Amino acid sequence: MQVLVIGASRGIGLEFVRQYRAEGHAVTATARDEKGLAVLTELGAKALPLDLLDPRQCTALGRRLEGERFDVAILNAGVYGADKAAPSPPTEAEFDLVMHTNVLGPMRVLPALTDCLAQGARLALLSSRMGSIGLRTSPNGWLYRASKAAANSVLKDASIAFGGRATCVAFHPGWVKTDRGGGQAELSPLEAVQGMRAVLVRLRLTDNGAFLNHNGEALAW
Ligand code: NDP
């Protein structure tokens, strides 16, 4: 299988690379600094530089991926950003960092995938249950929540655009022990990624455009 992981220097993205490489799959993965690229190369992945905040690098990614046919594409990169509860406003810079990374980033990368998804491919965007409007009971982290709700909208549109060729889903990975999730989190990256990979394998065409927990359970938008 050919696998693409966007944002793979550490945490959940890196674990996707580890697990797919351990099974011998061909993995292309991105990182935004030399240290991250070296980690990926060490794992036997084809490492490409990508900072989602840099539009030129996103355009260059499209050229670098020309001719590839990915069976699995994981859009993982994301930031939590300023931890403010409603109605405490983010600054413009705080807003831009989170929205540009979590929303504009996927909107910049998805065009690069238009011609390099294999027929029957699976595409997953790492969203968050915090982005669910239907399940919401807390106003904390409202900037991150807004960004993941918007990212869900981006995934839904991608599922329509790519439907017929790829099955596209938004994932809540669980609460995962990473730099983002912290040490108190419930799942190891290994467990979370094993779960999501198993879900990707059993996706059916009718799952296109779904918002799923790491165990495959459907989540309310
Ligand atoms: P981490 O903070 O551990 O890792 C985030 C990854 O995103 C890093 O590889 C980071 O690269 C990359 N990244 C951040 N900004 C950019 C950028 N501008 N361009 C390219 N790459 C970037 O997060 P997790 O592994 O925990 O989370 C992965 C995804 O899962 C995220 O989208 C997150 O929102 C989501 N998620 C995680 C949860 C958890 O409990 N951990 C819960 C719900 C959702 P770099 O090393 O260069 O910073």
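On a predicted model such as this, the values are computed, not experimentally measured, just so you know.
- Among residues two or more places apart in sequence or in another chain, the salt bridge (charged side-chain N to carboxylate O under 4.0 Å, His left out) test is passed with Glu191 by none.
- Lys177 places a side-chain N or O within donor-acceptor distance of the main-chain N or O of Ala185, the cut-off being under 3.5 Å.
- Residues forming a salt bridge (charged side-chain N to carboxylate O under 4.0 Å, His left out) with Arg21 (at least two apart in sequence, or on another chain): none.
- Screening residues 159-171 for side chain to side chain donor-acceptor pair (under 3.5 Å), with sequence neighbours left out, gives no hits.
- Clustering of Ile, Leu, Val, Met, Phe, Trp and Tyr side chains at separations under 4.5 Å places Tyr80 together with Met130, Tyr144.
- Every residue two or more places apart in sequence or in another chain that forms a salt bridge (charged side-chain N to carboxylate O under 4.0 Å, His left out) with Arg197 is listed here: Glu23.
- Applying the salt bridge (charged side-chain N to carboxylate O under 4.0 Å, His left out) test to pairs two or more places apart or on separate chains, none has a residue in residues 121-140.
- The closest side-chain heavy-atom distance from Pro49 to Leu37 is below 4.5 Å.
- At least one side-chain heavy atom of Thr28 sits less than 4.5 Å from a side-chain heavy atom of Leu4.
- Residues Leu50 and Phe16 do not share a hydrophobic cluster, defined by chaining ILVMFWY side chains whose heavy atoms lie under 4.5 Å apart.
- Within the hydrophobic cluster formed by Ile, Leu, Val, Met, Phe, Trp and Tyr side chains joined at under 4.5 Å, directly or through other members, Leu135 is accompanied by Phe211, Leu219, Trp221.
- Applying the salt bridge (charged side-chain N to carboxylate O under 4.0 Å, His left out) rule to Lys84 yields the partners Glu94; only residues at least two apart in sequence or on another chain are considered.
- In this structure, the side chains of Asp96 and Leu53 stay at 4.5 Å or more apart for every pair of heavy atoms.
- Gln184 places a side-chain heavy atom less than 4.5 Å from the side chain of Trp175.
- Considering only heavy atoms from C-beta on, Thr30 stays 4.5 Å or farther from Leu40 through its side chain.
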Would Leu200 and Ile74 count as a side-chain contact (heavy atoms from CB on, under 4.5 Å) if you check the C-alpha gap in whole Å, the side-chain angles of each, and the deciding distance to 0.1 Å? CA-CA 10 Å; Leu200 287 174; Ile74 310 285; 3.8 Å; yes
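- For Tyr20, the ring pair (Phe, Tyr, Trp, His ring centres under 6.0 Å) partners are His25, not counting sequence neighbours.
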Please list, one pair per line, the donor and acceptor atoms closer than 3.5 Å that link side chains of residues 108-119 to other protein atoms, with sequence neighbours excluded.
unit_1, atom_1, unit_2, atom_2, d
Arg108, NH1, Leu52, O, 2.9
Thr114, OG1, Pro111, O, 2.9
Gln119, NE2, Gly164, O, 2.7

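- Residues Leu43 and Leu14 meet the side-chain proximity criterion, which asks for heavy atoms closer than 4.5 Å.
- The salt bridge (charged side-chain N to carboxylate O under 4.0 Å, His left out) contacts involving residues 69-82 comprise nothing, where partners must be two or more places apart or lie in separate chains.
- Using a 4.0 Å cut-off between charged side-chain N and carboxylate O, Glu15 and Arg18 make a salt bridge.
- Distance check: Asn215 CG to Glu217 CD gives 5.0 Å after rounding to the nearest 0.5 Å.
- The main-chain N or O of Val79 is found under 3.5 Å from a side-chain atom of Asn102 such that the two form a donor-acceptor pair.
- Judged as a side chain to side chain donor-acceptor pair (under 3.5 Å), and not counting sequence neighbours, Asp33 has no contacts.
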Arg64 and Gln57: CA distance, side-chain angles, deciding distance, side-chain contact (heavy atoms from CB on, under 4.5 Å) verdict: CA-CA 10 Å; Arg64 289 186 162 115; Gln57 288 190 28; 6.0 Å; no
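- Enclosure of atom CZ in Arg204 is not indicated, since only 12 or fewer non-hydrogen atoms of other residues, nucleotides or ligands lie within 6.0 angstrom.
- Between Asp51 and Cys58 the shortest heavy-atom distance is O-SG, 4.2 Å.
- Other residues, nucleotides and ligands contribute more than 12 heavy atoms inside 6.0 Å of the CE atom of Met99.
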Evaluation steps, side-chain contact (heavy atoms from CB on, under 4.5 Å), between Met196 and Ile12: CA-CA 11 Å; Met196 289 185 282; Ile12 294 169; 4.0 Å; yes
